[in-house]
Every structure is written in structure tokens, then in C-alpha cells.
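On a predicted model such as this, the values are computed, not experimentally measured, just so you know.
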Amino acid sequence: MPEAPRHVPVLLEEVIHWLAVRPDGIYVDATAGLGGHTAAIAQRLTTGLVIANDCDAESLELARGNTAPWAERIRYRHGWFSGLPAALAEMGLPKVDGLLADLGASFAQLTSGERGFSFAAEGPLDMRMNRSGGLTAAEFLDRTTYQQLVRLFCAAGTERRLSERIARAILRARPLRTTRQLAGLVEAVVPRRGRLHPATKIFMALRRAVNRETEELEALLRAGPEIVRSGGRVVIISFMSTEDRLVKRAFQRWIREGRAVRLHKHVIRPSEQEVRANPAARSARLRAVEIR
């Protein structure tokens with residue numbers, strides 16, 4: 001069993017509160033990551049069960065180690081959000097009492113050079129959460145057109161003029177194979193403003209495209225009211241405004257359609273104390289609804 005890196009689950013007390021975990025309940029942690037939220041749920045169960053799901057087999061293996069003391073209350077599943085309804089049906093669990101998703105890359109992914117999620121360390125331009133298939137970020141860049149790259153970078157919050165400049169530079173420099181190659185290219189054509197490295201949003205945009213994160217989140221939001229029983233809760237933590245907007249709009253639609261009940265008026269944010277202890281939590285936003 002690999003040694004798990006240090007991990008601090010975000011908004012842990014709030015997750016448990018808004019999920020309203022019952023000792024006999026059945027819950028899905030759709031993004032098990034390193035197992036922090038999964039463990040907290042499992043510790044509160046007696047006859048209940050938590051499904052620890054993750055599309056990253058390596059993170060899921062680390063979660064197994066971190067949650068080993070409560071393994072009898074956990075089922076581990078390697079797969080995407082879009083496959084959850086079928087997987088739960090195969091387990092004989094068409095409806096669950098709560099669904100949790102903590103969106104974004106995990107600490108282990110971001111700090112592993114070989115995964116290629118970050119330019120903090122030299123590594124291959126991979127960025128796949130599921131390394132068993134699909135295009136790497138390097139292959140994605142090789143096959144993507146200028147206009148597609150511009151749209152992708154603009155959607156991530158990069159100014160159009162800069163997005164066009166970066167896209168042209170990438171096309172001239174292809175093939176790009178390492179994180180430092182790409183980060184250096186971006187830094188060479190985009191002036192640094194403040195503390196944020198100019199490649200930060202570019203890497204985030206590529207990661208989201210390679211892993212089809214928007215499409216997978218939309219699949220999860222379609223499935224939510226179908227797989228959570230009446231009276232059950234859906235709790236989602238997002239770190240980007242684009243993701244939070246999708247969650248907010250989906251929850252509002254469920255409420256309008258009479259499929260869910262509002263649980264709180266304003267988005268839930270981490271306390272100042274949590275942010276001081278865990279700076280990674282600073283951009284976290286939690287939303288929760290109860291299914292009718």
C-alpha cells in the first residue's frame with residue numbers, strides 16, 4: 001500500500017452537517033480523493049454504507065489505506081461521475097441517502113510531478129485523472145486547433161488577446177512534452193501580473209478539458225435527483241466560479257421543478273480559522289439541497 005501524503009479535507013464539519021449523516025444511511029462520496037470525507041462519514045455509520053468513488057485509481061488506492069479502519073462500511077469504486085447511476089444499480093443501491101462531491105484536483109495529484117497537473121515540478125504533460133486511457137495533455141495539444149485553444153483559454157478566464165497569443169505560441173512550438181516546457185512558453189509570451197503565474201489558468205483549462213470535467217459535472221447534476229432518495233441530501237464543494245455557477249443553477253432548477261428543497265440562503269464558505277490552517281480551502285464554496 002503506497003504511503004499517503006498529508007491531506008486535510010475541506011469544510012469537513014460543514015459536509016457532515018449538511019449531509020445529515022445517519023448511522024444506518026447509505027452515502028456516495030463521488031470524489032473520494034485521499035479519503036478524508038469518506039472516513040468522516042464512515043466513522044459515523046453503524047449499519048450504514050459509504051461508496052468511495054474516484055476516477056483516479058491511484059488516489060483511490062491511497063484512500064483505501066487512509067480509510068482502512070472503517071473498510072467494512074465502505075465500498076470502493078473506480079469510475080467517472082457519469083457511470084455512477086449504473087454502478088449503484090449493479091450494487092443493488094438505486095437510491096442513496098446522500099451524495100457528496102468535492103470538485104477539483106486532489107493534493108496528491110497536484111504535488112506529483114509525474115502526473116503533470118502542475119508546473120511546480122518538471123514532469124510529463126499528462127494531466128489525466130484516469131491514467132488507464134484517454135488523451136494526455138500533450139496529445140490533446142497536438143490535436144487541438146487554434147480556435148479551440150483560444151475558446152478553451154478564454155473560458156478559463158484568460159483575456160482573449162492573451163489567449164490568442166498563447167494559442168499561436170503553442171502551435172508554433174508543438175510538440176510540447178513537459179510541464180516546464182509549457183509553463184516556460186506561456187511565461188515567455190504573457191507578462192507576469194502580480195503573484196499568479198501566467199500559466200496557472202492555462203494548466204487548469206487543459207486539465208479540465210483532458211478530463212472532460214464540465215461534462216462529468218453536468219452528468220452528476222443530472223443524476224443527483226435520480227439516485228438520492230426523498231429526504232436525502234446533495235452536497236457539492238466547488239473551487240472555481242464556473243463550477244459553482246453550474247451547481248447553483250442546477251440546484252435552482254431542481255427547486256423550481258419541485259425536486260429539491262433549499263437548505264441555506266447563502267453559499268457556505270470556509271471560516272477564517274480553516275483558511276489559516278489550510279490555505280487550499282480559501283476558494284471552496286459549498287452548496288446543499290434536500291431532495292423531495
Side-chain angles (χ1 to χ4, degrees), residues 9-56 59-60 63-64 66-67 69-104 215-238 243 246-248 250-255 257-264 268 286-292:
V10 171
L11 291 165
L12 182 58
E13 292 182 8
E14 291 83 352
V15 163
I16 297 302
H17 171 75
W18 292 108
L19 266 183
V21 177
R22 301 194 335 261
D24 61 345
I26 299 173
Y27 301 91
V28 174
D29 183 352
T31 50
L34 300 185
H37 291 119
T38 298
I41 296 169
Q43 288 175 55
R44 289 161 173 80
L45 302 177
T46 52
T47 58
L49 180 70
V50 55
I51 313 301
N53 178 84
D54 207 286
C55 61
D56 185 336
S59 290
L60 197 61
R64 283 181 184 271
N66 288 337
T67 59
W70 311 280
E72 72 278 2
R73 304 168 208 162
I74 304 171
R75 290 190 194 177
Y76 302 91
R77 176 192 178 258
H78 176 223
W80 299 98
F81 292 160
S82 51
L84 269 173
L88 291 172
E90 289 175 7
M91 294 178 193
L93 302 170
K95 296 280 186 180
V96 298
D97 296 289
L99 170 64
L100 167 67
D102 177 356
L103 306 174
E215 293 85 348
E216 285 296 314
L217 175 56
E218 289 172 342
L220 185 71
L221 292 170
R222 287 193 297 272
E226 307 301 328
I227 64 176
V228 178
R229 69 165 183 82
S230 177
R233 303 280 182 88
V234 178
V235 177
I236 299 182
I237 301 171
S238 55
E243 292 175 334
L246 285 174
V247 175
K248 179 181 179 179
F251 284 5
Q252 288 173 335
R253 184 172 64 253
W254 298 355
I255 292 166
E257 295 171 351
R259 306 177 80 187
V261 177
R262 190 184 310 277
L263 292 174
H264 52 86
I268 310 300
L286 182 151
R287 296 184 187 272
V289 291
E290 182 172 295
I291 300 300
R292 297 189 68 175

Quiz prompt | Least distance between heavy atoms, Ala52 atom then Ile74 atom | solution = CB-CG2, 3.9 Å

Quiz item: In Å and rounded to the nearest 0.5 Å, what is the CG to CG distance from Leu246 to Leu217?
Solution: 5.5 Å

Quiz item: After noting the C-alpha distance and the side-chain angles of Trp70 and Thr38, does the key distance pass the side chain to side chain contact (heavy atoms under 4.5 Å, CB included) rule?
Solution: CA-CA 9 Å; Trp70 311 280; Thr38 298; over 6 Å; no

Quiz prompt | Steps toward side chain to side chain contact (heavy atoms under 4.5 Å, CB included) verdict (Val28, Val228) | solution = CA-CA 9 Å; Val28 174; Val228 178; over 6 Å; no

Quiz prompt | Arg292 versus Gly258, closest heavy-atom pair with distance | solution = CD-O, 3.4 Å

Quiz prompt | Expected output: side-chain Asn53 to main-chain Gly79 donor-acceptor under 3.5 Å | solution = yes

Quiz item: If every non-hydrogen atom of Phe251 is compared with every non-hydrogen atom of Ala288, which pair is closest and at what distance?
Solution: CE2-N, 3.8 Å

Self-check item: Non-hydrogen atoms of Arg77 and Ala87 that approach each other most closely
Solution: NE-CB, 3.1 Å

Self-check item: Any donor-acceptor N/O pair, Arg222 side chain to Pro225 backbone, under 3.5 Å
Solution: no

Self-check item: Sidechain-backbone polar pair: Arg233 side chain, Trp18 backbone, donor-acceptor under 3.5 Å
Solution: yes

Practice problem: Look at atom CZ of Arg262 and say whether more than 12 heavy atoms of other residues, nucleotides or ligands are closer to it than 6.0 Å. | Solution: no

Quiz item: Residues two or more places apart in sequence or in another chain: which of them pass salt bridge (Lys or Arg N to Asp or Glu O under 4.0 Å) with Glu257?
Solution: Arg259

Quiz prompt | Leu60 backbone acceptor or donor facing Asp54 side chain under 3.5 Å | solution = no

Quiz item: Looking at OG1 of Thr46 and CZ of Arg73, how far apart are the two atoms once the value is rounded to the nearest 0.5 Å?
Solution: 8.0 Å

Self-check item: Over all atoms of both residues, closest heavy-atom pair of Leu93 and Leu49
Solution: CD1-CD2, 4.0 Å

Quiz item: Which distance, rounded to the nearest 0.5 Å, do you find between the CG of Leu84 and the CD1 of Ile51?
Solution: 9.0 Å

Quiz item: Checking side chain to side chain contact (heavy atoms under 4.5 Å, CB included) for the pair Tyr27/Arg22: CA distance, chi angles, key distance, verdict?
Solution: CA-CA 9 Å; Tyr27 301 91; Arg22 301 194 335 261; 3.7 Å; yes

Quiz item: Could you walk me through whether Leu103 and Phe81 pass the side chain to side chain contact (heavy atoms under 4.5 Å, CB included) check?
Solution: CA-CA 11 Å; Leu103 306 174; Phe81 292 160; 4.0 Å; yes

Quiz item: Going from CG on Leu34 to CZ on Arg64, what distance comes out if it is rounded to the nearest 0.5 angstrom?
Solution: 14.0 Å

Quiz prompt | Heavy-atom side-chain proximity of Leu220 to Leu99 below 4.5 angstrom | solution = yes

Quiz item: Can you tell me how far the CG atom of Leu19 sits from the CG atom of Asp97, to the nearest 0.5 Å?
Solution: 10.0 Å

Quiz item: At their closest point, which heavy atom of Trp254 faces which heavy atom of Leu221, and how far apart are they?
Solution: CZ2-O, 2.9 Å

Quiz item: NZ/Lys95 to CD/Glu226 distance, rounded to the nearest 0.5 angstrom?
Solution: 6.0 Å

Exercise. Would you indicate whether Gln252, at its atom CD, is surrounded by more than 12 heavy atoms from other residues, nucleotides or ligands within a distance under 6.0 Å?
Key: yes

Practice problem: Would you indicate whether the side-chain heavy atoms of Leu12 and His37 approach each other to under 4.5 Å? | Solution: yes

Quiz item: Do Thr67 and Val50 have side chains that get closer than 4.5 Å, going by heavy atoms?
Solution: no

Self-check item: Contact check, side chains of Ile237 and Glu14, non-hydrogen atoms, under 4.5 Å
Solution: no

